[in-house]
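I have placed the structure first, in the form of structure tokens, so that the comments after it can refer back to it.
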Number of protein chains: 2
Amino acid sequence: MKKRTSLKDIAEALGVSVTLVSYVMNNKTKEGRVAPETAQKIRQTAKELNYQPNQLARSLKSKRSQTIGLIVADISNPFFANLARTIEDEAHSLNYTVIFGSSDENHIKLKKVLDFLTTRQVDGFIIAPTDECKETLIELKKSQIPFVLIDRYFEDLPTNYVIIDNFQASLDATNHLLKKGHEKIGIIHYKSELIHFKQRVNGYLKALEMSGISPDPKYMQEVTYANFEADIKAALRNLIYEEEVEAIFFCTNTLALEGLKQMFDWGIKAPGQMDVVAFDQNVVYDFFNYFIPHIKQPIKEMGQEAVRILIGQINEKVPKINTVCLRTTLETQTIDQLKLKT
Amino acid sequence: MKKRTSLKDIAEALGVSVTLVSYVMNNKTKEGRVAPETAQKIRQTAKELNYQPNQLARSLKSKRSQTIGLIVADISNPFFANLARTIEDEAHSLNYTVIFGSSDENHIKLKKVLDFLTTRQVDGFIIAPTDECKETLIELKKSQIPFVLIDRYFEDLPTNYVIIDNFQASLDATNHLLKKGHEKIGIIHYKSELIHFKQRVNGYLKALEMSGISPDPKYMQEVTYANFEADIKAALRNLIYEEEVEAIFFCTNTLALEGLKQMFDWGIKAPGQMDVVAFDQNVVYDFFNYFIPHIKQPIKEMGQEAVRILIGQINEKVPKINTVCLRTTLETQTIDQLKLKT
DNA sequence: ATAACACGCTTAAACGTTTAAGCAAATAGA
DNA sequence: TCTATTTGCTTAAACGTTTAAGCGTGTTAT
């Protein structure tokens, strides 16, 4: 690789000091302390030699890498990919670069990625935490590297976070199914200690309670990450053929997708034959004969807020904890309404 | 942010020189030139102070940032998100970090992102080039920063690249439709100078020729990036209602998705009423009553090859150009066969 | 005439590493 | 006993920046 041109090269070419070149390139020619002709010459030579500042050296001096680390469960998951995209845009516009890593929902891997990115001197992290990663986050807090949790958080760990109102979202979803007259409503959720998942279950329970329906544990099916597909199949079989529920609420994007696929394979039309509500959006929903009611997350706002909060923290001397909880919307538009618009 | 501990901190704590600490931490205690007890003490103190090397400073010295820049059209596009994921895994395993940017298929933006990442002293780039970005790539070549093109390339620009055999893929796809007895086969492709798109058209033409069918320009529909949705709608209307084609080949992921959605909205069952072949995979295909024949790209191999070639180039003194062309497979499994397996 | 200041630039140190070179003390070889 | 080598460490310079401090000239004010 050819040597990139440095301030020194420009300085030598013109017989001036490196300092002077630095001042000019940074427009720190304070109070006309540099002769306009000199400045002009420097700028021109810089252009000719195609000078591009070495951000590494700059960072070393300033102790700011202008880089943020993004750690999500899996960058190839559409939800996180979309999030990554908005974070990229926001960060770049604020002159920050984004380096990323995937945790695969595994707290050991998360720690590994975190350490890996830390040696890169990131100025801060945006993290979608996994189950059981609280210890790692406590350590991270001690190191005083700023970070913002996204999508998920821990109730008893004061940190910055950007989340959605999972309880309300779930309440809305369940109410929607109740309003359609269903009483036997199933829910499929992950087995996880993550509070945001629990709140989704809580929202469901609250909605039932408010309608005077006492929840039936048999309608509530847990699925493990490890045995994802088989668990969903079993859960659905239970709900549909054993318990004969009238509607199903899928607590996440991935659960909804896999669940709908399974139902599709069994020839059960959703929502034609089985009312459902899904969490999060998906291109797949466009390919159903009926509109799939789902909870729409404000992904763009989430990404932007996370970046802004993080950069705020990076620049504060005494950072205060910032938490943001965004509202979701329940999309229940019927296919006919949809058609009218296009 | 708390000061991260440096070699100096360890050195001062023990009253030794920074150099010695550096030697120990890098296991460069060549030929027993450091007393084992000293080494032991240094290692322990390093652990106690939670020392993590500053990769920035290291990079400055070594002129290697151990970072690669990934530029794709849009990280939120599933194809690129998947690619990014395999690139991340491969890079991390080789001790490289990945920073990314999206070009939005716009060569101006690509140049901007490229410059932005260049100041970060990346050791090399993996780039999915856009239309009209050849000039930028020529400049990049001059700068001698190694790079590997992925998914797309330019015929008259000798560079490293990892692509698929688009011609063959397209040939396979069209042959599949021919074998089903169709003669009036439509194709929907992007209006673009990118050679890989052209080769997809060429494969289609070749297949027709080999079957002794003379291609009809009216069966070949161009779509612009700018007016994507409307163009596809018009193209489909033309092919289906005017030309009354018997089958359609969609040249990309996005075209297939949007096209199928449109057909779905019109109530045209694919492939029940209209045979199709799509390019690239998609979760959506699982939600059709029939199997959607499609060309499967070896995304994992593409990502891995790209990283390996790039890092090879970074380490070569006199790099040779490396090109890799991978074979695709045409997936034509019927839904019944699929069911048998699950 | 002389002090004061503005101007246009340079010197030097620092950020955290790496690495070649060097040096004093201990040990070995003769 | 004297030289040569090994051992265990240090000095110094460098990577490309930034930034406070400084230093001659020349101009202005008194």
Side-chain angles (χ1 to χ4, degrees), chain A residues 1-43 45-46 49-67 118-123, chain B residues 1-43 45-46 49-67 118-123:
Chain A
M1 176 153 47
K2 202 159 60 179
K3 194 190 167 303
R4 261 109 126 157
T5 108
S6 70
L7 292 181
K8 200 176 164 193
D9 299 322
I10 301 176
E12 278 171 1
L14 292 171
V16 297
S17 73
V18 170
T19 302
L20 189 60
V21 180
S22 172
Y23 281 142
V24 171
M25 295 317 289
N26 291 294
N27 289 315
K28 293 234 171 122
T29 71
K30 40 183 175 182
E31 299 113 35
R33 300 272 279 166
V34 178
E37 315 86 67
T38 318
Q40 170 57 21
K41 267 196 298 184
I42 289 175
R43 272 189 258 270
T45 312
L49 298 180
N50 187 30
Y51 171 71
Q52 291 188 296
N54 183 327
Q55 181 64 37
L56 249 54
R58 213 178 240 180
S59 299
L60 184 60
K61 189 87 229 297
S62 67
K63 301 177 151 263
R64 288 289 182 75
S65 63
Q66 298 290 125
T67 298
T118 300
T119 63
R120 257 64 186 190
Q121 308 300 115
V122 296
D123 291 339
Chain B
M1 177 154 45
K2 201 159 59 181
K3 193 191 169 303
R4 262 111 126 157
T5 107
S6 70
L7 292 181
K8 200 174 163 194
D9 299 324
I10 302 175
E12 279 171 359
L14 292 171
V16 298
S17 73
V18 170
T19 302
L20 189 60
V21 181
S22 173
Y23 281 142
V24 172
M25 296 315 290
N26 291 293
N27 289 317
K28 293 233 171 121
T29 71
K30 41 183 173 184
E31 298 111 36
R33 301 271 279 167
V34 178
E37 316 86 65
T38 319
Q40 169 57 25
K41 266 196 300 182
I42 288 175
R43 273 190 257 271
T45 312
L49 298 180
N50 187 30
Y51 172 70
Q52 292 188 296
N54 183 328
Q55 181 63 37
L56 248 53
R58 215 179 239 178
S59 299
L60 184 59
K61 190 89 228 301
S62 68
K63 299 177 153 263
R64 288 287 181 76
S65 64
Q66 299 289 125
T67 298
T118 300
T119 63
R120 256 66 184 187
Q121 308 300 114
V122 295
D123 291 339

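All chains are named by letter (A, B, ...) in the order of the sequence lines, taking the proteins before the strands, and each is independently numbered beginning at 1. Because the structure is predicted, anything quoted here is derived from the model rather than measured.
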Query raised in the report: What is the distance from atom CG of A/L56 to atom OG of A/S65, rounded to the nearest 0.5 Å?
Result: 9.5 Å

Query raised in the report: When rounded to the nearest 0.5 angstrom, what is the spacing between CD in A/E37 and CD1 in A/I42?
Result: 11.0 Å

Query raised in the report: Does OP1 or OP2 of C/dT18 have a side-chain N or O of B/N26 closer than 4.0 Å?
Result: yes

**Report entry** From A/D123 atom CG to A/K63 atom NZ, the distance as rounded to the nearest 0.5 Å
**Finding:** 11.5 Å

Query - Integer-rounded Å distance: C/dG16 C1' and B/L49 CG - result: 15 Å

Requested in this report: Report yes if a side-chain nitrogen or oxygen of A/K28 is closer than 4.0 Å to either non-bridging phosphate oxygen (OP1 or OP2) of D/dT18; otherwise report no.
Outcome: no

Query raised in the report: Counting side-chain heavy atoms from C-beta on, which of D/dT18, C/dT18, D/dT10 comes nearest to B/V16?
Result: D/dT10

Query raised in the report: Are any of B/R58's side-chain N or O atoms less than 4.0 Å away from OP1 or OP2 of C/dT18?
Result: yes

**Report entry** From B/S6 atom OG to B/L49 atom CG, the distance as rounded to the nearest 0.5 Å
**Finding:** 9.5 Å

Query raised in the report: Counting only side-chain N and O atoms of B/K63, is one of them less than 4.0 Å from OP1 or OP2 of D/dG16?
Result: yes

Query - Nearest-neighbour nucleotide for the B/V18 side chain, C/dT17, D/dA21, D/dT17 considered - result: C/dT17

Query raised in the report: Can you tell which of C/dC9, D/dC15, C/dC15 lies closest to the side chain of A/A35?
Result: C/dC9

**Report entry** Rounded distance (Å) that lies between atom P of D/dC15 and atom CD of B/Q121
**Finding:** 14 Å

Query raised in the report: Taking atom P of D/dC15 as reference, at what distance in whole Å does atom CG of B/N54 sit?
Result: 18 Å

Requested in this report: Would you kindly give the CD-to-P distance between A/E12 and D/dG16, to the nearest whole Å?
Outcome: 11 Å

Requested in this report: Using a heavy-atom cut-off of under 4.0 Å over every strand shown, decide if A/S6 touches base, sugar-phosphate, or nothing.
Outcome: sugar-phosphate

**Report entry** Closest to the A/Y23 side chain, choosing from C/dT10, D/dT17, D/dC15
**Finding:** C/dT10

Query raised in the report: Across the strands shown, which category fits A/S62 at heavy-atom distances under 4.0 angstrom: base, sugar-phosphate, nothing?
Result: nothing

Report task. Under the side chain to side chain contact (heavy atoms under 4.5 Å, CB included) rule, what do B/E12 and B/V18 come out as? Steps first, then yes or no, please. Result -> CA-CA 8 Å; B/E12 279 171 359; B/V18 170; over 6 Å; no

Query raised in the report: C/dT18 C1' sits how many Å from B/Y51 OH, rounded?
Result: 11 Å

Report summary line: Between the CD atom in A/Q121 and the CZ atom in A/R64, the distance rounded to the nearest 0.5 Å is 13.0 Å

Requested in this report: Find the distance A/L14:CG to C/dC9:C1' and express it as a whole number of Å.
Outcome: 14 Å

Query raised in the report: Which residue, B/L60 or B/A39, contacts DNA chain D at a nucleotide closer to its 5' end, judged by nearest heavy atom?
Result: B/A39

Query raised in the report: Which part of the nucleic acid, if any, lies within contact of B/S59, taking any heavy atom under 4.0 Å across all strands shown: a base, the sugar-phosphate backbone alone, or nothing?
Result: nothing

Could you pull out the protein-nucleic contacts involving nucleotides 12-14 of chain D (nitrogen or oxygen on both sides, under 3.5 Å)?
from, atom 1, to, atom 2, distance (Å)
D/dA12, N6, B/T19, OG1, 3.0

Requested in this report: Measure the distance from NZ on B/K41 to C1' on D/dG8 and round it to the nearest whole Å.
Outcome: 12 Å

Query raised in the report: At under 4.0 Å between heavy atoms, what does A/S17 touch on the DNA or RNA strands: base, sugar-phosphate, or nothing?
Result: base

Query raised in the report: Of the nucleotides C/dC15, C/dC9, D/dG16, which one has an atom closest to the side chain of A/L20?
Result: C/dC9

Query raised in the report: In Å, rounded to the nearest 0.5 Å, how long is the span from CZ of B/R120 to CG of A/N54?
Result: 11.0 Å

Report summary line: B/N27 and B/R43 have their tightest heavy-atom pair at OD1-NH1, 3.2 Å

Query raised in the report: To the nearest Å, how far apart are B/L56 CG and D/dG16 C1'?
Result: 12 Å

Requested in this report: Return no unless some side-chain N or O of A/S22 is found under 4.0 Å from OP1 or OP2 of D/dT17.
Outcome: no

